[in-house]
Amino acid sequence: MFEAIASHWSVFILILSLAMAAVGIVHAIMTKEDVRAATGWVGVMLLSPFLGAIIYAIAGINRIRRATISAMRPVSSAAAAARHDRDVALEALINAEYGQRFTGLKTLGDRVARRPLTSGNTIALLKTGDEAYAAMCRAIDAAQRSVILETYIFDNDAVGALFIQSLGNAVKRGVAVRVLIDAVGVRYSVPSILKQLREADVTVDLFNGNIVMGLRLPYANLRTHRKILVVDGAVAFTGGMNIRKGFSAEFAGTESSQDTHFEVTGPVVADLFSVAAEDWRFAGNEALKDGPWQVEQAAQEPGRPVLVRAVASGPDASNETNLKLLMGAFSVARKSIRIMSPYFLPDREFISALTTAGRRGVEIDIVVPAVNNLFLVDHAMTAQFDQVLKHYCRVWRHEGPFDHSKLMAIDGVWAYVGSSNLDARSLRLNFEIDMEVLDGNFAAEIDARIGAAISNAKPVTLQTLKARPFLIRVFDRLLWLGSPYL
């Protein structure tokens with residue numbers, strides 16, 4: 001037998017590679033919902049059966065299937081009836097205050113997101129890193145029962161040291177503390193912050209941190225980009241802010257990067273906690289649901305401010321939730337859509353929904369940094385600006401320090417804020433957390449913040465894009481081809 005294999009090894013390798021490709025092709029065509037993705041993977045495996053099948057097995061298969069804490073909770077008939085009554089009251093309120101179109105948008109959110117739009121919330125805008133870090137550390141210092149922190153980046157620097165001090169002191173007071181950091185984000189500083197956290201007796205874990213043969217398999221390309229801090233189940237912080245000194249004027253000076261974070265109270269805190277708790281259980285198989293982790297459900301009183309929904313998205317049961325909700329929001333816009341994002345590289349469907357609103361007469365402003373912190377992304381998104389400029393959208397490059405904020409306001413009444421960038425990674429690959437906010441006062445704050453950036457910005461025009469040297473435009477388009485993975 002071994003002699004036969006040795007003498008016909010090339011035939012056996014051919015048969016093996018064809019079999020691997022066949023299995024991969026069948027899997028791709030039966031599981032992919034995007035015909036372009038399915039066609040692309042089939043083409044890769046046909047052109048290179050053996051290598052293509054291996055690449056598909058590593059990067060093309062979504063292996064994350066998570067049972068959710070919320071799905072495991074039984075819902076009594078009384079609770080279901082109460083939820084129905086609450087939804088009816090909220091819909092009546094939204095219809096009276098904002099019109100039927102936003103009632104329809106609520107219905108869309110109810111159907112694509114796993115968490116409800118809740119009333120009785122408060123939300124405060126934290127405009128700088130110093131303001132956000134100070135508020136977060138004060139909340140941790142006042143914690144009595146529990147602290148859970150989930151973040152993409154937690155740098156080993158001066159700001160990281162502030163958080164370690166607060167978290168360590170909380171542990172000494174007997175507070176239950178859990179910290180979850182993404183396995184990619186934790187490596188933004190060398191050495192990482194893990195040793196200091198453990199020396200402070202803080203229970204810490206990594207999201208997708210499994211190492212197999214030197215690779216982070218089987219989740220090589222999936223990250224938690226969420227930023228969530230929940231203290232005592234009563235107050236939460238979320239938004240775009242990572243933990244690093246580059247966003248602190250105190251430590252990085254006047255040229256420190258900018259970002260926007262939010263402090264919230266009310267029923268939405270329980271939903272933010274459930275997102276972080278699910279991620280913690282996925283990483284370390286520990287359920288945070290009893291004792292200090294018990295979250296008191298805040299009363300929801302229709303008519304009280306502010307209407308907020310926690311929108312979790314990621315390559316699991318919440319796949320493309322943020323994308324679906326944003327495209328729905330574009331369809332109800334009548335007057336204005338204002339977008340501020342450090343990285344604007346959405347797919348064709350997103351751009352079509354946005355430009356369709358532009359054709360309807362909606363004023364659309366897209367604000368990005370004049371100087372980006374990611375060279376490749378900056379050139380790739382420049383190559384795509386013409387697709388929106390041709391269809392009644394305005395693009396602005398705002399001057400000054402790099403701004404990492406992810407903000408959106410529609411018609412001055414609806415806002416969408418959080419951790420999602422407008423690129424393929426955030427809209428399809430990353431685990432993200434955002435908030436849908438229906439409130440005129442809050443949306444006006446977001447609108448004003450974007451407007452302030454526009455007042456210090458230069459417009460991007462089709463003429464200026466075409467005036468760039470031809471080789472640079474070719475370079476930009478080549479980078480644009482790789483935009484789904486930038």
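In this chain, residues are counted from 1 in sequence order. Values reported hereafter were calculated over all heavy atoms of this structure, with side chains retained and with hydrogens, waters and symmetry mates removed.
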Participant: For S336, does its backbone N or O pair with a side-chain atom of D411 as donor and acceptor, under 3.5 Å?
Facilitator: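 Yes, the answer is positive, given that a donor and an acceptor are paired below the 3.5 Å cut-off.
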Participant: Quick one, L126 and Y133 - any side-chain contact, counting heavy atoms below 4.5 Å?
Facilitator: no
Participant: If I take atom CD from residue Q384 and atom CG from residue D347, how far apart are they, to the nearest 0.5 angstrom?
Facilitator: 8.5 Å
Participant: Using the rule given for side chain to side chain contact (heavy atoms under 4.5 Å, CB included), can you reason through F385 versus I366, listing the C-alpha separation, both sets of side-chain angles and the distance that settles it, and then say yes or no?
Facilitator: CA-CA 10 Å; F385 285 155; I366 302 162; 5.7 Å; no
Participant: Should D182 and R223 count as an ion pair when the cut-off is N to O under 4.0 Å?
Facilitator: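 Answer for the salt bridge query: no.
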Participant: Less than 4.0 Å between a side-chain N and a carboxylate O, is that true for R114 and D271?
Facilitator: no
Participant: Report yes or no: do W280 and E150 form a side-chain donor-acceptor pair below 3.5 Å?
Facilitator: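 There is no such pair (donor and acceptor under 3.5 Å, judged by atom type) between the side chains of W280 and E150.
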Participant: Donor-acceptor check, side chain of H404 to backbone of S257, threshold 3.5 angstrom: yes or no?
Facilitator: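 A pair under 3.5 Å: no.
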Participant: Return the minimal non-hydrogen interatomic distance between N242 and I153, and the atom names on each side.
Facilitator: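 Scanning both residues completely, I find the closest heavy atoms to be OD1-N, 3.1 Å.
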Participant: Heavy-atom distance under 4.5 Å between the side chains of L422 and L326, does that happen here?
Facilitator: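 Of all side-chain heavy-atom pairs linking L326 with L422, at least one is under 4.5 Å.
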Participant: If we ignore hydrogens and angles and just use 3.5 Å, is the side chain of R145 paired with the main-chain N or O of D232 as donor and acceptor?
Facilitator: yes
Participant: Closest heavy-atom contact between S420 and D434?
Facilitator: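 That closest heavy-atom pairing would be OG-OD2, 2.6 Å.
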Participant: Mind checking whether H379 and F375 have parallel, tilted or perpendicular rings, split at 30° and 60°?
Facilitator: tilted
Participant: Given side chain to side chain contact (heavy atoms under 4.5 Å, CB included), test L117 with I94 step by step and report yes or no.
Facilitator: CA-CA 11 Å; L117 186 70; I94 293 169; 3.7 Å; yes
Participant: Are the side chain of N121 and the backbone N or O of V306 linked by a donor-acceptor pair below 3.5 Å?
Facilitator: yes
Participant: Flag the pair M435 / V417 as yes when at least one side-chain heavy-atom distance between them is below 4.5 Å, and no otherwise.
Facilitator: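 The answer is yes, as the side chains (C-beta and beyond) meet within the 4.5 Å cut-off.
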Participant: How far does CZ of F237 sit from CD1 of I140, to the nearest 0.5 angstrom?
Facilitator: 8.0 Å
Participant: Mind checking whether Y188 and Y152 have ring centres under 6.0 Å apart?
Facilitator: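 Yes, they do, as the ring centres are separated by less than 6.0 Å.
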Participant: Do R178 and W293 have side chains that approach each other closer than 4.5 Å (heavy atoms only, starting at C-beta)?
Facilitator: yes
Participant: Does any donor atom in the side chain of S248 or S256 lie under 3.5 Å from an acceptor atom in the other side chain?
Facilitator: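 Side chains of S248 and S256: no pair found under 3.5 Å.
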Participant: As a quick check of understanding, evaluate ring-ring contact (aromatic ring centres under 6.0 Å, His included) for F350 and F330, giving each step before the final call.
Facilitator: CA-CA 9 Å; F350 183 102; F330 296 157; 5.2 Å; yes
Participant: Measure from the side-chain N and O atoms of N322 to the backbone N and O of S426, and report whether any donor-acceptor pair falls under 3.5 Å.
Facilitator: yes
Participant: Would you name the heavy atoms of A252 and K245 that are closest together and state the gap between them?
Facilitator: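 What the structure gives for the nearest pair is CB-O, 3.3 Å.
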Participant: Does D439 form a side chain to side chain contact (heavy atoms under 4.5 Å, CB included) with L307? I'd like the steps, not just the answer.
Facilitator: CA-CA 6 Å; D439 180 76; L307 302 180; over 6 Å; no
Participant: Answer yes or no: is there a side-chain heavy-atom contact under 4.5 Å between M381 and N372?
Facilitator: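 In short, these two side chains touch, coming nearer than 4.5 Å.
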Participant: Closer than 3.5 angstrom, by distance alone: can the side chain of R338 be matched with the main-chain N or O of V367 as a donor-acceptor pair?
Facilitator: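 Side chain of R338 to backbone of V367: no pair is present.
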Participant: Taking the side chain as C-beta and beyond, is there a heavy-atom pair between F154 and L194 under 4.5 Å?
Facilitator: no
Participant: Are D130 and T128 linked by a side-chain donor-acceptor pair shorter than 3.5 Å?
Facilitator: no
Participant: Which heavy-atom pair separates R226 from A312 by the least distance, and what is that distance?
Facilitator: NH2-CB, 3.7 Å
Participant: Spell out, as yes or no, whether a donor-acceptor pair under 3.5 Å connects the side chain of S192 to the backbone of R187.
Facilitator: no
Participant: Roughly how far, to the nearest 0.5 Å, is CG of D447 from CD1 of I410?
Facilitator: 10.5 Å
Participant: Ring-plane angle category for F207 and F431, please: parallel below 30°, perpendicular beyond 60°, tilted otherwise.
Facilitator: perpendicular
Participant: Any donor and acceptor pair, going by atom type alone, linking the side chain of K195 with main-chain N or O of I193 inside 3.5 Å?
Facilitator: no
Participant: Is S419 reaching over with its side chain to a backbone N or O of I433, donor-acceptor style, under 3.5 angstrom?
Facilitator: yes
Participant: Taking all heavy atoms of S119 and all of L90, pick out the closest pair and write down the distance.
Facilitator: CB-CD2, 3.9 Å
Participant: Between D378 and R397, does any side-chain N to carboxylate O distance fall below 4.0 Å?
Facilitator: yes
Participant: Once rounded to the nearest 0.5 Å, what's the spacing between atom OG1 of T203 and atom CG of L180?
Facilitator: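 T203 atom OG1 to L180 atom CG measures 12.0 Å (nearest 0.5 Å).
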Participant: Heavy-atom count check: over 12 atoms from other residues, nucleotides or ligands less than 6.0 Å from K324 NZ?
Facilitator: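 Yes.
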Participant: May I ask you to say whether R115 pairs ionically with E278, meaning some side-chain N is under 4.0 Å from a carboxylate O?
Facilitator: yes
Participant: Out of V204, V147, L229, which one pairs with V179 under the side chain to side chain contact (heavy atoms under 4.5 Å, CB included) rule?
Facilitator: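 Option passing the side chain to side chain contact (heavy atoms under 4.5 Å, CB included) with V179: V204.
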Participant: Can you tell me how far OG1 of T103 sits from CD of E97, rounded to the nearest 0.5 angstrom?
Facilitator: 11.0 Å
Participant: Please tell me if the side chains of D403 and P342 come closer than 4.5 Å, counting only heavy atoms from C-beta onward.
Facilitator: no
Participant: Are the side chains of L354 and I337 in contact, using a 4.5 Å heavy-atom criterion?
Facilitator: yes
Participant: Rounded to the nearest 0.5 Å, how far does CG of L149 lie from CE of M136?
Facilitator: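 So the gap between those two atoms works out to 6.0 Å.
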Participant: Is the CD atom of Q144 crowded by more than 12 outside heavy atoms at less than 6.0 Å?
Facilitator: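 At most 12 heavy atoms, drawn from other residues, nucleotides or ligands, come within 6.0 Å of this atom.
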Participant: Keeping the roles fixed (side chain from S146, backbone from P292), state whether a donor-acceptor pair exists under 3.5 Å.
Facilitator: yes
Participant: Start with the C-alpha distance between I164 and L197, add both sets of side-chain angles, then the distance that settles side chain to side chain contact (heavy atoms under 4.5 Å, CB included), and finish with yes or no.
Facilitator: CA-CA 6 Å; I164 287 178; L197 285 167; 3.8 Å; yes
Participant: Between F262 and F442, is the gap from one ring center to the other below 6.0 Å?
Facilitator: yes
Participant: Can you see which heavy atom on L108 is nearest to which on G328, and at what distance?
Facilitator: CD2-CA, 3.6 Å
